[in-house]
Amino acid sequence: MTRTPIIAGNWKMNLLRADVTAYAEALAAAGPSGAQAPDNEVDVVLFPTPVYLGLAATAMPDWVAVGAQDVHAEDGGAYTGDVAAAQIVDAGASWALAGHSERRQYHGESNDDVARKARRALGAGLVPVVCVGETLEQRQQDQTEAILDAQLGAVLEVLAAAGGAGAGAVVAYEPVWAIGTGLSASPEIAASVHGHLRARLNGHQGGLGDSTRILYGGSVNADNCRDLIGRTDIDGFLIGGASLDPASFLRIIRLSTGSGDGS
Ligand code: 13P
């Protein structure tokens with residue numbers, strides 16, 4: 001089964017209104033850059049901060065989807081500062097991250113919380129992108145697979161529910177030690193972990209490995225993207241820092257999809 005690659009940018013808590021507009025103009029001016037040619041399909045997604053979701057959804061060219069960086073596990077109610085899945089959809093977004101390591105670390109989100117968030121996103125019609133990844137300490141203590149198995153195990157039912165439904169659900173492997181450090185996982189390490197995650201997905205009843213896309217995230221840039229995406233089980237990227245500049249993001253799209261040399 002061919003899985004359409006995904007190139008996604010997570011802006012985290014960066015950029016202002018004028019930057020969002022200028023970014024959208026830069027993408028529109030560049031055109032789909034071969035990305036939407038039938039033989040070269042790719043899903044391009046950007047995750048702005050929630051206040052700019054509506055702006056980004058309106059301003060971006062139609063080959064760029066917009067998603068939320070987080071989604072609340074409840075339908076709505078007295079949750080000051082949080083955003084409900086229905087509100088994300090209403091703002092024009094169609095994807096949502098769940099369980100980014102910065103949410104797990106700074107907001108104490110547990111595997112169970114992440115599963116509930118992903119389920120709520122899916123129920124509202126959003127494509128959930130569930131983030132998993134080990135810390136440096138966990139890797140050094142040889143706990144990588146155990147940590148990933150627990151994180152993935154918590155969301156298997158959600159991924160199964162998403163199976164075959166539209167764009168389905170997505171897993172993003174983001175080793176915490178590679179995020180924002182400039183120290184990407186080597187293609188060998190990333191491929192080995194992705195292979196493990198794929199096997200776990202395939203081991204679930206019915207097998208989810210063929211349909212679930214697995215992204216890599218952690219210091220992805222124009223220099224390392226081609227080697228990473230060349231690996232069988234790496235279906236695309238979730239990019240932080242290198243997605244903040246539209247020229248850099250476009251370059252990674254082009255290099256990763258083979259639609260040019262990235263210039
Ligand atoms: P960097 O690409 O800046 O390392 O961030 C990765 C990330 O956390 C994307 O969600």
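Sequential numbering from 1 along the given sequence is applied to the chain's residues. Because the structure is a prediction, the values reported are computed rather than measured. Order of appearance sets the numbers: ligands from 1, and atoms from 1 within every ligand.
- With hydrogens and angles left out, the side-chain atoms of His100 and Gln69 include no donor and acceptor closer than 3.5 Å.
- Ring pair Tyr79/His72 is tilted by interplanar angle, where 30° to 60° counts as tilted.
- Not one N or O of Glu102 is nearer than 3.5 Å to an N or O of ligand 1, by distance alone.
- By the criterion of a heavy-atom distance under 4.0 Å, the side chain of Asn10, and not its backbone, is placed next to ligand 1.
- Within ligand 1, the atoms closer than 4.0 Å to a non-hydrogen atom of Ser219 are 1 (P), 2 (O), 4 (O), numbered from 1 in the order shown.
- For ligand 1, the atoms closer than 4.0 angstrom to any heavy atom of Gly218 are 4 (O), 6 (C).
- Every atom of ligand 1 with a heavy atom of Glu174 under 4.0 Å away is listed here by number and element: 6 (C), 7 (C), 8 (O), 9 (C), 10 (O).
- Between the choices Gly180, Gly240, Ser184, Gly241, the shortest heavy-atom distance to atom 4 (O) of ligand 1 belongs to Gly180.
- For ligand 1, the atoms sitting less than 4.0 Å from at least one non-hydrogen atom of Leu238 are 9 (C), 10 (O), numbered in the order shown with element in parentheses.
- Annotation: the span from Leu238 atom CG to Ile214 atom CD1 amounts to 14.0 Å, rounded to 0.5 Å.
- The six-membered or imidazole ring of Tyr23 lies near that of Trp11, with a centre-to-centre distance under 6.0 Å.
- Annotation for Glu137: atom CD does not count as buried by contact number, only 12 or fewer foreign heavy atoms lying within 6.0 Å.
- No side-chain donor from either of His196 and Asp233 sits under 3.5 Å from a side-chain acceptor of the other.
- Annotation for Glu145: atom CD does not count as buried by contact number, only 12 or fewer foreign heavy atoms lying within 6.0 Å.
- Using 4.0 Å as the threshold, Ala178 has a heavy atom nearer than that to some atom of ligand 1.
- Residue His100 approaches ligand 1 through these ligand atoms, each under 4.0 Å from one of its heavy atoms: 7 (C), 8 (O), 9 (C), 10 (O).
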